[in-house]
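All remarks here apply to the structure that follows.
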Amino acid sequence: RRAMIVMEPVLDDSFASVSKIRTELQPHAVRCIIRTMVQMLSANVVTTDVQPLISKTTGDVLFIDMTEAKEIGRGVPMPFLDLALASSFCVEMLTLVPDDLSDVASEALLRELQSVERFPVEMYEVISSQTQFMTQETIDFIDNQLKISNFS
């Protein structure tokens with residue numbers, strides 16, 4: 001059900017590092033990484049051993065080899081192991097973002113969190129521990145979402 005074999009390259013001329021593509025495409029690649037991270041967390045899915053293919057012509061990012069992907073968050077409260085997996089996933093995704101593009105990542109994170117329909121409160125808590133790249137506006141938004149959830 002999950003097996004797939006690709007006989008031709010899925011993405012020609014790709015790299016695994018944002019810093020290897022043209023400078024003008026790097027912000028787009030960072031936004032793609034953050035969008036994927038938020039969408040996966042909102043679906044309660046994480047993976048380990050993140051493997052990106054970043055197009056050198058468009059900056060689009062394709063994540064491959066999701067054999068380690070796992071659905072989390074089946075319990076209330078969310079089991080500790082699931083929180084640890086989510087945290088590890090976030091760290092892996094964020095390490096793909098070069099330090100000089102952290103402002104782009106923070107802006108993309110804020111925009112994605114504002115647009116997602118449903119985002120587990122536990123995932124806000126996980127993301128809030130990754131503040132080293134976030135602007136104050138993004139931190140304030142996450143803190144506000146955590147406060148709202150505590151009153152619900």
Side-chain angles (χ1 to χ4, degrees), residues 1-4 10-11 14-21 25-55 58-152:
R1 180 173 146 199
R2 292 175 65 185
M4 176 189 279
V10 174
L11 196 57
S14 61
F15 296 103
S17 172
V18 171
S19 59
K20 300 266 186 195
I21 63 172
L25 297 175
Q26 291 178 5
H28 175 70
V30 168
R31 287 189 289 273
C32 289
I33 291 165
I34 299 299
R35 182 180 313 113
T36 300
M37 181 182 81
V38 170
Q39 289 175 350
M40 287 180 67
L41 290 173
S42 71
N44 284 339
V45 174
V46 297
T47 190
T48 56
D49 191 25
V50 172
Q51 297 181 42
L53 293 178
I54 306 169
S55 170
T58 65
D60 289 341
V61 182
L62 173 67
F63 289 94
I64 61 168
D65 190 7
M66 291 290 188
T67 56
E68 300 296 321
K70 178 181 182 201
E71 186 176 8
I72 62 171
R74 294 256 176 194
V76 176
M78 189 176 289
F80 174 78
L81 183 57
D82 287 356
L83 291 172
L85 286 170
S87 181
S88 176
F89 170 68
C90 288
V91 168
E92 283 193 54
M93 293 293 276
L94 294 173
T95 58
L96 298 173
V97 176
D99 289 340
D100 61 332
L101 292 169
S102 61
D103 57 334
V104 173
S106 183
E107 178 185 310
L109 178 62
L110 178 60
R111 189 173 57 254
E112 291 299 323
L113 290 174
Q114 288 171 333
S115 68
V116 73
E117 286 184 30
R118 185 190 65 80
F119 199 74
V121 65
E122 294 91 352
M123 296 303 108
Y124 280 117
E125 292 169 352
V126 167
I127 288 177
S128 71
S129 68
Q130 309 295 326
T131 58
Q132 69 275 10
F133 79 99
M134 290 185 217
T135 62
Q136 190 61 48
E137 183 180 12
T138 304
I139 292 169
D140 291 345
F141 177 82
I142 292 170
D143 287 347
N144 189 46
Q145 295 305 307
L146 289 170
K147 288 177 188 171
I148 290 170
S149 69
N150 286 333
F151 290 118
S152 303

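From a predicted model like this one, the values you see are computed outputs, not experimental measurements.
Taking a 6.0 Å sphere around CG of Asp99, one finds it holds 12 or fewer heavy atoms contributed by other residues, nucleotides or ligands. Atom CD of Gln114 is surrounded by more than 12 heavy atoms from other residues, nucleotides or ligands within 6.0 Å.
Residues Phe133 and Leu109 come closest through the heavy atom pair CZ-CD2, 3.6 Å. Nearest heavy-atom pair, Val61 versus Ala29, reported as atom, atom and distance to 0.1 Å: CG2-O, 3.6 Å. When all heavy atoms are compared, the tightest approach of Ser19 to Pro98 is N-CG, 4.4 Å. The two residues Ala108 and Arg31 make their nearest non-hydrogen contact at CB-CG, 3.8 Å. In plain terms, the two heavy atoms of Ser42 and Pro120 that are nearest each other are CA-CD, 4.0 Å. Of all the heavy atoms in Ala105 and Val97, the pair that sits closest is CB-CG1, 3.9 Å.
No donor-acceptor distance shorter than 3.5 angstrom exists from the side chain of Ser88 to the backbone of Leu85, with no hydrogens or angles considered. Distance alone, capped at 3.5 Å, is enough to place a donor-acceptor pair between the Ser128 side chain and the Glu125 backbone. Listed for the Thr47 side chain is no donor-acceptor partner under 3.5 Å among the backbone atoms of Met66.
Note: Met134 CE to Leu110 CG = 10.5 Å, rounded to the nearest 0.5 Å. Distance check, rounded to the nearest 0.5 Å: CE of Met37 to CD of Glu92 gives 12.5 Å. Atom NZ of Lys70 is separated from atom OG1 of Thr48 by 10.5 Å, given to the nearest 0.5 angstrom. Separation of atoms CG (Asp65) and CD (Gln51) is listed at 4.5 Å; rounding is to 0.5 Å. Summarising the geometry, atom OG belonging to Ser106 is positioned 7.0 Å from atom CD1 belonging to Ile139; distances are rounded to the nearest 0.5 Å. Rounded to the nearest 0.5 Å, atoms CZ (Phe63) and CD1 (Ile54) are 7.0 Å apart.
For the pair His28/Asp60, a side-chain contact is recorded, criterion being any heavy-atom separation below 4.5 Å from C-beta on. Side-chain contact between Ser115 and Glu117 is absent, with no heavy-atom pair separated by less than 4.5 Å. In this structure, the side chains of Met123 and Leu113 stay at 4.5 Å or more apart for every pair of heavy atoms. In this structure the side chain of Leu96 reaches within 4.5 angstrom of the side chain of Val50, judged on heavy atoms. Side-chain contact between Ile72 and Glu122: absent, with no pair of heavy atoms (C-beta onward) separated by less than 4.5 Å. Proximity of Gln26 to Val104: side-chain heavy atoms (C-beta onward) are nowhere separated by under 4.5 Å.
Evaluation of the salt bridge (Lys or Arg N to Asp or Glu O under 4.0 Å) test over residues 32-41, restricted to residues two or more places apart or in two chains, returns Arg35-Glu112.
When each of Thr138, Leu94, Leu41 is tested with Ile127 by the rule side chain to side chain contact (heavy atoms under 4.5 Å, CB included), just one qualifies, namely Leu41.
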